[in-house]
Amino acid sequence: MEATVSVLIGLFFAVAIYLLMSRQLVRILLGIAILGNAVNLLIFTSGRLLREVPPIIPEALQVPAETIANPLPQALILTAIVISFSFLAFLLVLAFRAYQELGTDDTNEMRVAEPTGDVRPPQGY
Amino acid sequence: MSLIGSEATFIAVLAPFAAAIVAPTLTRLLAHNAAWPLALVPAAIFLFFAGLVPEVAGGASFTPAVDWAPAYGVTFSFFVDGLSTLFALLISGIGTFIILYSGGYLKGHPQQGRFFSFMFLFMGAMLGLVLGNDLITLFIFWELTSITSFLLIGFDHLRAASRRAAIQALVVTGGGGLSLLAGFLVIMAVTGEANMSAVLASGDTLRDSGLYALVLALVLGGAFTKSAQFPFHFWLPNAMEAPTPVSAFLHSATMVKAGVYLLMRMHPVLGDTALWTTILPVFGGATLLVGTILAVRQTDLKLMLAYTTVASLGLLVMLTGTSWEKAIEGAALYLLAHSLFKGALFMVAGTIDHEAGTRDITRLGGLRKAMPITFAAACLAALSMSGLPPFVGFIAKEYLYTGIWGGAGANYALTATAVLGNALMLVIAAAVALKPFLGPKVETPKHAHEGPVLLYAGPVVLSLVGLASALLAHDTGVLVIGPVVSSILGVPSAVDVHLVPTHIGAALYLSLGTIALGVVLFLRLDALRAGTARLLTAIGWGPDKGFDQVIAGIVSFSAWVTRTVQGGRMEVYMTMTFLITAAAILVPMTVAGTWPTGFAMPDFRFYEWGVLAIAAAGLVAVLIARTRLTAIVSLGIQGFAVALIFMLFGAPDLSFTQFMVETLSVVILALVMTRLNLQPRDHRPMAARLCHSVIALAIGAGFAGLLIQITSAPFDRRLSDFFEAYSRTIAHGRNIVNVILVDFRGFDTLGEIAVVMVTGLCVLALIRVRPKRSAEEALDLAAGGDALRKREEARV
Amino acid sequence: MAAADTAVDLSQAMRLEPVLPGDWLVVAPLLLTILGGALCLITRKNTEAQPKVAIIFLTLLVLSCAGLLARVLDKGVVTMVAGSWLPPFGIAFTADALGATLALTSSLVALAVAVYGASDVDRSGRRYGFYPFLLLLMTGVCGAFLTGDIFNLYVWFEVLLISSFGLLVLGNERAQLDGAVKYAILNIIATTLFLIATGLLYGIVGTLNMADIAIKARGIGMDGPLTTVAVLYFLAFAMKAAAFPVNFWLPASYHTPRIVVSAVFAGLLTKVGVYALLRIFVLLMPDARAALADLIALVAILTMLTGVFGALAQTDIRRLLGYLVISGIGSMLAGLAIGTTPALAGAIFYAVHSILVMTALYMAAGVMRALGGSFSLRELGGLYGANPAFAAVFLMLGFAVAGLPPFSGFWPKVLLVDAALVGGHGWIAAAILITGLLTTIAIGRVWVFAFWRGGAEGTPDGYEKALAVPDPKITGAGIWLPIGLLLGLIVLLGIQPEFMMQVAGRGAASLGEPLGYLRSVFGDAIQ
Amino acid sequence: MRTVIFRTIAPYLAALMVLFSVFVLLRGHNEPGGGFIGGLIAASALAIYGIACGVAAVRRAITLHPMSLSAAGLLMAALSGLVSLFTGQPFMTSQWWYVRLFGVEVPLSTPMIFDIGVYLVVVGSIGSIALALEERESD
């Protein structure tokens with residue numbers, strides 16, 4: 001079971017990383033979004049998969065009666081989801097502002113911080 | 001720390017630093033007359049060390065020490081013996097007159113106070129260097145001399161030549177210092193000792209060690225650069241850009257001798273090996289010849305003296321390198337003589353420059369009437385330099401010839417080198433002492449007259465000491481030279497010094513020959529100068545030029561490296577990062593052989609396959625999306641598919657959150673992306689796409705394989721078992737995930753909400769703050785905006 | 001509902017012994033910065049009060065970190081388990097000499113930056129969060145240094161990262177946004193790698209507590225997938241630490257924000273990556289360190305050299321300093337590559353030195369700009385004449401960063417070179433020394449161009465251009481106080497290194513011989 | 001988007017969503033739900049309200065600046081962990097009080113306060129982002 005999901009996770013990673021290597025900010029952002037999902041699924045699978053038994057203790061019991069899905073990865077992923085969502089929101093706005101100010105969404109044309117041919121150190125004394 | 005005895009060494013070494021602090025204030029109050037009270041500091045230090053002379057001459061040595069960094073075994077400690085006492089006496093004694101001289105020389109200079117400060121800092125550093133016992137302490141003072149000399153050489157900082165000379169000195173001596181540091185650390189590792197005195201007592205440990213050659217190379221790296229040995233000699237003449245007091249003090253009498261000091265100091269444990277007696281005489285001899293020949297070429301008084309300083313240092317290294325007792329006696333005597341006459345002559349040169357306005361020897365002449373005292377001092381010093389009796393320079397020459405000629409077998413090459421070098425030094429001495437003063441009066445830029453007492457006190461006293469130490473040769477030998485030689489050889493040895501040669505032998509003939517050769521060459525000085533000039537022009541390249549080329553080369557190379565690794569293109573950064581990531585996953589997996597071997601077909605239900613298929617389809621759709629809308633919708637599809645996967649595998653909370661987050665993401669994406677355009681086609685050329693696909697697939701396959709491998713192993717559910725057991729019983733919550741979030745691992749959540757809060761503020765800061773734009777930028781942006789609009793229109 | 005009636009042995013789940021008030025010092029840095037940050041945010045429209053609130057909280061932070069360090073030196077490693085849950089189940093905050101020292105140094109730097117910022121940051125900068133960002137950055141930094149849980153470490157990394165985003169874009173200049181895009185995306189990739197590695201590590205060992213991982217990883221040895229996970233950690237933290245060849249984000253962004261932000265970045269951000277490397281590779285997975293030692297050494301040497309080459313190639317001082325930050329990271333990695341206790345002590349000492357000196361140098365660059373009107377070495381000149389006292393300050397900082405005595409950079413360099421030579425790593429020793437020389441050249445060039453030269457490029461020899469009278473703001477105590485504080489520490493560490501050497505030695509020992517660390521977490525029953 | 005129907009319904013829809021979010025928040029300890037999800041739902045409510053009736057209306061409705069709300073939430077969460085300082089227990093050790101309200105025993109606890117803090121942070125920040133973006137849309 002884990003193996004098949006692992007292959008899907010591999011696909012998530014491959015797609016995310018292919019998008020990230022693009023020059024266009026939009027594609028990079030899509031890549032970041034997918035990367036976040038890929039990682040969450042990876043953590044989820046890493047804590048082993050179990051079908052349909054949510055980690056909730058029934059009203060009548062003090063401890064769960066049967067084997068339940070591993071709750072810890074779920075908690076970790078919840079934390080990670082919110083964090084990656086925050087970052088995505090920030091990046092989206094950043095990309096938008098960069099586009100406004102720099103007039104491009106092609107990272108190769110974003111050369112304000114590192115202008116082309118700027119490495120000309122002064123010589124002499 | 002007591003005020004008397006060897007403990008007071010601490011005070012003696014630290015006193016100049018204190019003087020450095022008060023010097024600017026004092027100078028503000030007293031102007032150039034501050035030199036008088038300030039000179040009391042080195043004078044007192046001189047008297048203190050002079051007081052130690054009788055004991056030291058009796059064979060005593062002191063090692064006062066206090067803990068400094070005991071965690072690393074570093075002590076702040078000094079080693080007072082014959083060798084260090086002589087150096088301390090020279091530094092403080094000559095220093096006294098240099099301080100006075102500085103008072104006169106920089107009279108009225110707006111930064112005279114700062115100058116005094118630098119000089120005192122240097123003096124303290126130099127004292128610490130020659131007295132340092134702990135190797136780290138010694139090294140620190142060694143580097144301090146480099147730093148302070150950097151500041152002093154560049155004192156006249158508005159001139160490019162000064163700045164260049166300062167950098168050059170810092171790089172050459174600083175680089176050598178690093179070599180020395182490594183050498184010291186290896187010595188400490190080999191001998192297990194941190195103190196010079198203990199290292200010196202370690203006998204043959206270093207010589208027998210397999211690391212001897214390394215240690216020697218590293219120590220010589222430090223000594224040769226500091227003492228300006230060929231091919232590192234070039235920085236010293238350039239350092240003449242500094243004001244003359246600096247040249248007189250640092251670059252003749254003291255700092256440049258630090259390297260010689262180190263060689264002499266370490267001779268008992270490093271010397272007298274085949275390597276030592278080969279390398280040192282060769283480099284020393286070469287330096288002697290190069291120095292004198294280059295000196296002849298010069299017409300500037302200071303430069304002539306500077307090159308002979310290089311030559312003298314070469315001579316000292318050569319003598320130390322023979323490891324012959326007599327030669328070392330000669331070296332000790334020459335060391336004393338050189339410090340005295342060279343200090344005096346530099347001050348004379350400075351006085352001439354100061355009073356006449358030039359130090360070009362071809363534009364000087366007939367100053368004897370105008371500057372009689374200076375002339376007299378110059379003559380006395382020059383006679384010592386020429387090696388004529390009755391001066392200490394003469395005695396030194398006698399001993400060194402005896403040493404070389406009569407050491408462990410006559411060495412013709414060394415003797416010839418020494419004779420030629422000394423003859424040329426006589427030429428320079430004569431030129432410096434006679435040319436400006438004798439002959440017809442030449443018009444000089446300033447109307448020359450005798451300088452004030454501050455200026456001539458130094459030359460007069462130093463040259464007289466040169467005379468006196470020769471006349472009192474026996475005492476000099478017992479009190480000064482004997483202890484020094486004992487230190488260098490590492491065994492107590494008494495040196496019987498006398499002015500009049502005890503027998504007519506090779507040394508005397510060589511002396512006479514030197515003088516004769518020197519006189520002949522002096523008479524043909526102009527021809528000689530023209531000849532060397534032609535020779536050097538023919539060669540056309542020297543280490544000095546090489547230095548510029550090296551620095552320029554380093555800078556250009558750096559620029560090339562930086563352009564290559566940091567080209568400014570995000571695409572390259574990302575590709576490199578992921579290439580490395582791929583390697584980081586695949587290489588260890590391959591090496592450790594952890595690729596999964598088998599793959600069992602899982603027993604998925606059809607709807608589970610369906611969800612997986614939707615996720616995959618969503619991913620592919622994002623990849624090939626040509627419009628914003630398709631991309632956003634596809635992104636949503638894969639996101640919801642992930643939520644469904646969470647739901648299928650028992651994570652309702654996650655699923656719920658994923659749905660919400662994905663919805664909000666899509667909404668924000670839609671709000672933001674309406675202005676960002678998605679190019680309909682992947683812009684990448686085929687080759688890049690192929691390369692990127694390979695990298696992406698490699699990483700994907702790597703993570704998949706790794707995950708399969710990890711999940712196929714048994715799992716330790718200890719943590720989750722604990723949470724299940726206590727979620728309700730202690731933490732009163734049935735939703736275990738939520739209990740983990742707010743209780744078991746609440747700290748994570750605290751950090752996480754901090755992230756969320758800051759994100760909100762970040763977005764505000766991004767949207768609300770409008771940059772102040774310069775007119776130029778605004779114009780540029782307006783143009784960019786136009787271009788953008790045109791592109792949009794064209795697409796529509 | 002009332003579960004208390006079911007008999008549960010609390011001692012099986014919770015640590016029940018009462019907590020000494022002094023133990024709260026472990027979490028105090030976080031609480032102070034979070035509370036301070038939240039208060040600053042609530043009062044953000046009162047731009048006059050903000051600096052005061054922030055400075056008060058940061059002063060408290062410095063005091064609490066100092067108290068923590070004193071306690072650690074006195075009593076050994078201090079642990080507090082959040083929620084009373086027994087480790088490894090809850091989150092343990094564990095302060096050893098390494099974490100406490102770095103937290104103290106960082107908080108001192110943050111305080112200096114807050115004071116500097118009071119004069120330097122405009123109203124809009126304050127209103128849109130300079131102080132909340134700074135305080136929460138410190139939450140992230142202190143949390144990272146003090147936590148004993150690897151997932152929690154990830155969370156603090158993210159707090160630190162998002163706060164740094166805020167600081168980086170504050171002002172929204174074009175270069176800032178450009179730099180921020182590269183900084184943000186590359187750093188997000190780095191933390192994502194960290195998260196991936198942590199997820200996989202959890203899949204292997206089933207635990208997240210660092211002390212627990214340390215025990216388990218020693219049991220497993222460097223076998224199978226754990227090796228890959230270790231390499232992933234190395235990559236992730238090397239990226240955070242800006243080690244070659246994954247340092248692209250640093251030169252692309254550090255010169256773009258306002259100078260006080262660059263100053264805090266240069267001091268703190270990369271060191272957190274170095275700290276994590278030390279923590280993971282010496283305490284948690286020593287076998288991985290041994291297995292990767294040659295790789296780490298290579299990375300260290302290349303980082304030192306490319307860093308200093310980058311510095312030599314720059315015209316803009318801020319970018320030059322950025323490359324010096326990178327070069328310093330190489331020295332710390334060298335300590336990790338050698339791996340002996342003295343080498344690690346050298347790396348820790350170097351980290352403290354680097355935090356202080358890089359921040360101070362960026363602040364000094366701000367003053368250079370104020371005095372000379374530019375950051376460019378082509379346009380600067382005459383600063384020596386304009387302000388000799390400041391010139392002296394800069395020179396001391398420059399010598400410190402080049403590792404010349406008697407300043408703070410000298411001792412760690414000696415420790416590292418010594419450890420390298422003793423350990424038989426001649427190449428590392430040579431690289432450190434050559435880097436020192438090249439750094440000296442780079443600093444010498446700045447000094448020559450900006451200070452000694454009479455004016456901008458092309459100024460005739462011997463001529464000094466009169467500089468415009470600087471903005472009175474930069475001559476105020478608000479600028480000199482923080483620079484003076486940092487310079488004082490730098491000189492003090494150079495002249496009296498004993499305390500720092502002891503502390504660094506303790507820190508290194510607690511990494512290499514983790515018994516004290518483990519006992520602090522799990523009690524005396526361990527081994 | 002701003003059709004009359006939407007504008008009429010939106011306030012009610014938003015109010016309903018906020019109510020639902022509080023329900024989700026409070027039941028989170030025992031059933032799926034909790035501060036995050038609740039916060040996200042409430043933030044969506046603000047966003048919808050903002051789209052329908054304009055950002056200014058939302059700002060008036062919540063009186064506080066959303067970022068202040070967020071900061072207050074963080075403050076609350078951090079302070080809830082501090083309670084255990086007074087009982088001699090480590091940071092964030094949960095404290096439970098059972099209060100009788102109208103004859104019903106209501107459990108109050110520090111984890112609950114913490115969760116409410118989480119809720120406020122998420123509402124405030126995500127709401128603030130959404131509102132800020134909507135404002136840009138309208139100008």
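Every chain is numbered from 1, with letters handed out A, B, ... down the list of sequences. None of these values were measured; they are calculated from a predicted model.
In this structure, chain A has heavy atoms under 4.5 Å from both the backbone and the side chain of B/Leu612. Within the 4.5 angstrom heavy-atom criterion, atoms from both the backbone and the side chain of B/Leu766 approach chain A. Using a 4.5 Å cut-off between heavy atoms, B/Arg745 contacts chain A through its side chain alone, with no backbone atom that close. At a 4.5 Å heavy-atom cutoff, the contact between B/Leu664 and chain A is made by backbone and side-chain atoms alike. B/Ser556 touches chain A through backbone and side chain together, each having a heavy atom under 4.5 Å away. For B/Asp721, no part sits under 4.5 Å from any heavy atom of chain A, backbone or side chain. For a residue to count as touching a neighbouring chain, one of its non-hydrogen atoms must lie under 4.5 Å from one of that chain's; by this rule B/Phe715 touches chain A with backbone and side chain alike. Proximity to chain A is absent for every atom of B/Gln709, based on heavy atoms less than 4.5 angstrom apart. In this structure, chain A has no heavy atom under 4.5 Å from any part of B/Leu706. Using a 4.5 Å cut-off between heavy atoms, B/Arg164 contacts chain A through both its backbone and its side chain. In this structure, no portion of B/Val742 lies under 4.5 Å from any heavy atom of chain A.
Every ring pair (Phe, Tyr, Trp, His ring centres under 6.0 Å) that B/Tyr573 has, sequence neighbours left out, goes to C/Phe248. The ring pair (Phe, Tyr, Trp, His ring centres under 6.0 Å) check on A/Phe12 picks up nothing, with sequence neighbours excluded.
Ranked by heavy-atom pairs shorter than 4.5 Å toward chain B, the options A/Asn37, A/Val63, A/Leu41 are led by A/Asn37.
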